[in-house]
2 protein chains.
Amino acid sequence: MADAQDPAGQGLLFLTDEQLRKGAEAMFFAYRGFTADPDRILEKYGYGRAHHRAIHFIRRSPGTTVNNLLAILGVTKQSLNRVLRTLIEDGLVESRIGARDKRERNLFLTESGTALEHELSSAQRARLRAAFLEAGPDAVSGFRKVLEAMMDPELRRHYNRTGGT
Amino acid sequence: MADAQDPAGQGLLFLTDEQLRKGAEAMFFAYRGFTADPDRILEKYGYGRAHHRAIHFIRRSPGTTVNNLLAILGVTKQSLNRVLRTLIEDGLVESRIGARDKRERNLFLTESGTALEHELSSAQRARLRAAFLEAGPDAVSGFRKVLEAMMDPELRRHYNRTGGT
DNA sequence: CTTGGAAAGTCAACAAGGCTGACATAAACT
DNA sequence: AGTTTATGTCAGCCTTGTTGACTTTCCAAG
């Protein structure tokens, strides 16, 4: 029954139900580790993961609009707005009325917003750097390949819309 | 500045800040895809991700105790208890008083609990299977290696406590 | 120039699922 | 007998998600 996915038994052992379940658990446990360090930092400031996500994507695309952020984050505008409002009130994010289209708001990190972004991403990158080093470049390439294949097509577009070679 | 992490410029390009940020986004977008299918199924039954996690780990270790589940899931007993109570009331999970230690409760999936577990894990495995196939066995190996390196040591123990070769 | 619709913001209400703290019970251990 | 452990439960709080209704601003087409 372990070979239900591989009746011929030749080389598809990485697709057995057991291997797939194991992959699912790997995602679950790894994601916990992935968010653990930023979560601890956010708590100091009274923020949550939602604030982190907003800050991250504003840094990635300075001047991005609320609508664009909504598409990336996949939440409702009311939910995002609540988070954004506190960040603006606290002076971490600046919302400028659009130049071309004045209905739009262009979002930027302020100096202190940039500082928090850096604190958060430093911690997260440290964790990833250690994992990447331990696993090695080939493993990292595979990691990226599998994760990309796991994304919804629409999100995959957003993922590929950025820089890194 | 792209090479701040690789002053020598020789072969550590996968550790640049840009690559690490990209890896972080990969985790974020992929996790969204990873949970999307089960989330849709859970909604049909009025459950959430918390129920899925409980069901998953009870199936993985039938007869597991509440305490063990708490350690794996990393939530408070009040939070887990709320989820567990609904699953027991709905007849998806059975809670038997421990044989050796009568303070403990041993948790099992009932027939209908097993059915829901199967529906959830089927959807999740289908997504993973497609991703694994697209990426190939070597990529999958790297995927697993990086994710394992990303876990907190304590969770890594739980991860390695199970079966799959 | 008016009107239709898109972009954004706001208010209210609600739910899931985290959390803390306090307390109850039963069983096991010392 | 007294303490510790495992579990359950009540009450209350927070974050972050949801829906629905409504307003304001403003672009663009008729």
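In what follows, every heavy atom counts, from backbone to side chain, and hydrogens, waters and symmetry copies are set aside. Order of the sequence lines sets the chain letters (A, B, ...), proteins ahead of strands, with each chain counted from 1.
- Computed from coordinates, the A/Arg105 CZ to D/dT24 P distance equals 14 Å when rounded to whole Å.
- Of the candidate nucleotides C/dG18, D/dT9, C/dC19, C/dC19 has the atom nearest to the side chain of B/Thr76.
- Side-chain to base pairing of B/Gln78 with D/dG12: no donor and acceptor N or O lie closer than 3.5 Å to each other.
- Taking hydrophobic clusters as Ile, Leu, Val, Met, Phe, Trp and Tyr residues chained together by side-chain heavy-atom distances below 4.5 Å, A/Ile55 does not share a cluster with A/Phe108.
- Summarising the geometry, the separation between CG on A/Leu80 and C1' on C/dT10 is reported as 14 Å, rounded to the nearest angstrom.
- For the pair B/Asn81 CG and C/dT20 C1', the interatomic distance rounds to 15 Å; values are reported in whole Å.
- Remark on DNA chain D: of its neighbouring residues A/Val75 and A/Lys102, the 5'-side contact belongs to A/Val75, judged by nearest-heavy-atom nucleotide.
- The base of C/dA26 has none of its N or O atoms less than 3.5 Å from a complementary donor or acceptor on the side chain of B/Arg103.
- One donor-acceptor pair, N or O on each side, does fall under 3.5 Å between the base of D/dG17 and the side chain of A/Arg82.
- Two rings, from A/Phe143 and B/Phe143, have their centers 6.0 Å or more apart.
- Atom pair A/Leu73:CG and D/dT16:P shows a separation of 12 Å (rounding to whole Å applied).
- Rounding to whole angstrom units, CZ of residue B/Arg49 and C1' of D/dG17 are separated by 11 Å.
- B/Leu42 has its CG atom 15 Å from the C1' atom of C/dA15, to the nearest Å.
- Checked against the 6.0 Å centroid threshold, B/Phe29 and A/Phe57 count as a close aromatic pair.
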